[in-house]
Amino acid sequence: MTLKTKLGTRAPKTAIILGSALGDVVSIVEDPLVIPYTDLPGFPVPKISGHAGKLSVGKVGGQEVAVLAGRAHPYESGNAAVMRPVLDQLKEAGIETLILTNAAGSLKTSIGPGSIMLITDHINYAGMNPLIGQHGDENFVPMTNAYDPALRKRFLAAAKSEKIALKQGVYVWFSGPSFETPAEIKMAQVIGGSAVGMSTAPETIMARRLGLNVAGLSVVTNLGAGIKGANPSHEETKREGQKAAAHMKRLLPRVFKDMKK
Ligand code: HPA
């Protein structure tokens, strides 16, 4: 049974994908219908710690939203389009807006661990693209304003209301799973990046191909390798992610409350 069928009368228009260590944010969903990924054909079952593999549908800030705790990463299999069945089913189920969240390493000391960064644009430095091998003109997806400017304004306004210091910047996608070298971090700074991470960009590319509006939020868990004080590890990612999760739990409902106005 596809997601659309499983949802029955519930009709969320927005989906949120929770990144590493943000699994706990699922508690913002009121009266949730919980569907394990294993019940949804083609949904990848996350293999790494910090990722649950469940979709919860219910009210957030008064609006019906689907929250997906856990994603599969291209580095798990080498398949950049690993999240495609998820995005295709979200689209089929009527989702119009996709909010992508991730854990990221910062390239700027002004965006320190525990910060949340609103993604303004991305650089694909992973050497892959989820649309490679697809045929048809629809694959020449324009990537100008891929991170929807109107949605970004809503996030900035919601952060202001909640007194959360929301940073903004460019996300650089590295394939991982090894962390970057100090030389790679230096390069990412030079080419205009603000944060580095191992997800989100391929999902944005596929979502834009489907015509979804995209917002992206990075939870900064560490400074990039080689920056003074940096020591990226999966443990640090989970720990700092949990701190920022508390802010995320206020920011997201506020965005949906304000959207109703
Ligand atoms: N690099 C890439 N991905 C990450 C990092 C990092 O430093 N921290 C959390 N995810």
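No hydrogens, no waters, no symmetry mates; every other heavy atom, side chains included, goes into these values.
- Smallest separation of non-hydrogen atoms from G58 and R10: CA-NH1, 3.9 Å.
- Although no hydrogens or angles enter the test, the distance criterion places no donor-acceptor pair under 3.5 Å between the side chain of S218 and the main chain of V220.
- Atom CD in E64 sits 11.0 Å away from atom CD in E30 (nearest 0.5 Å).
- Contact check for V65 versus I28: no side-chain heavy atoms found under the 4.5 Å cut-off.
- When the shell of 6.0 Å around NZ of K249 is examined, it contains more than 12 heavy atoms from other residues, nucleotides or ligands.
- Using a 4.5 Å cut-off on side-chain heavy atoms (C-beta onward), K6 and Q89 make no contact.
- In terms of modelled atom types and a separation under 3.5 Å, the side chain of T101 and the main chain of G19 share a donor-acceptor contact.
- Relative ring orientation between F174 and Y125 is described as tilted, the plane-to-plane angle lying within the 30° to 60° band.
- Contact check for M1 versus D39: no side-chain heavy atoms found under the 4.5 Å cut-off.
- Atom CZ of R71 sits about 8.5 Å away from atom OH of Y37, to the nearest 0.5 Å.
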Next item on the list: Run the numbers on M206 and L131 for side-chain contact (heavy atoms from CB on, under 4.5 Å), then give the verdict.
Entry: CA-CA 7 Å; M206 290 186 284; L131 304 182; 4.2 Å; yes
Item checked: From CA spacing to verdict: side-chain contact (heavy atoms from CB on, under 4.5 Å), L68, F43 -> CA-CA 11 Å; L68 288 80; F43 269 55; 3.9 Å; yes
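- Of the possible polar contacts, none joining the Y75 side chain to the S178 backbone as a donor-acceptor pair under 3.5 Å is found.
- A distance of 5.0 Å separates OG of S161 from CZ of R254, quoted to the nearest 0.5 Å.
- The side-chain heavy atoms of L251 and F155, taken from C-beta on, include a pair separated by under 4.5 Å.
- A heavy-atom distance below 4.5 Å is not found between the side chains of L3 and E92.
- For L210 against K91, the heavy-atom pair with the smallest separation is O-NZ, 2.9 Å.
- Contact detail for A66 and L55: the closest heavy-atom pair is CB-CD2, 4.4 Å.
- Here the side chains of M143 and T204 are in contact, with some heavy-atom distance below 4.5 Å.
- Side-chain contact between K186 and L107: absent, with no pair of heavy atoms (C-beta onward) separated by less than 4.5 Å.
- Follow the hydrophobic side-chain contacts under 4.5 Å out from I17 and you never reach V34; the two are in separate clusters.
- Listed for the E184 side chain is no donor-acceptor partner under 3.5 Å among the backbone atoms of A225.
- Side-chain N or O atoms of K13 include none that pairs as donor or acceptor with a backbone N or O of Q63 at under 3.5 Å.
- Closest of all the heavy-atom pairs between A80 and P202 is O-CB, 3.6 Å.
- Distance check, rounded to the nearest 0.5 Å: CG of L166 to CG of L118 gives 5.0 Å.
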Next item on the list: Take Y147 and T120 through the test side-chain contact (heavy atoms from CB on, under 4.5 Å) and record every step on the way to the result.
Entry: CA-CA 6 Å; Y147 298 87; T120 55; over 6 Å; no
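- Annotation for A104 and A195: closest pair CB-CB, 4.1 Å, computed over non-hydrogen atoms.
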Item checked: Q189 and I227: CA distance, side-chain angles, deciding distance, side-chain contact (heavy atoms from CB on, under 4.5 Å) verdict -> CA-CA 11 Å; Q189 290 171 323; I227 299 177; 3.6 Å; yes
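- Two residues are said to be in side-chain contact when any heavy atoms from C-beta on lie closer than 4.5 Å; V219 and H247 fail this criterion.
- Connection of L156 to I116 is established within a shared hydrophobic cluster, with ILVMFWY side chains joined at heavy-atom distances below 4.5 Å, either directly or through further cluster members.
- Of the inter-residue distances, the one linking T2 atom OG1 with L40 atom CG reads 8.5 Å to the nearest 0.5 angstrom.
- A distance-only check finds a donor-acceptor pair linking the side chain of N124 to the backbone of M128 [under 3.5 Å].
- When all heavy atoms of G114 and A244 are compared, the closest pair comes out as O-CB, 3.6 Å.
- Atom CG in L217 sits 9.0 Å away from atom CD1 in I16 (nearest 0.5 Å).
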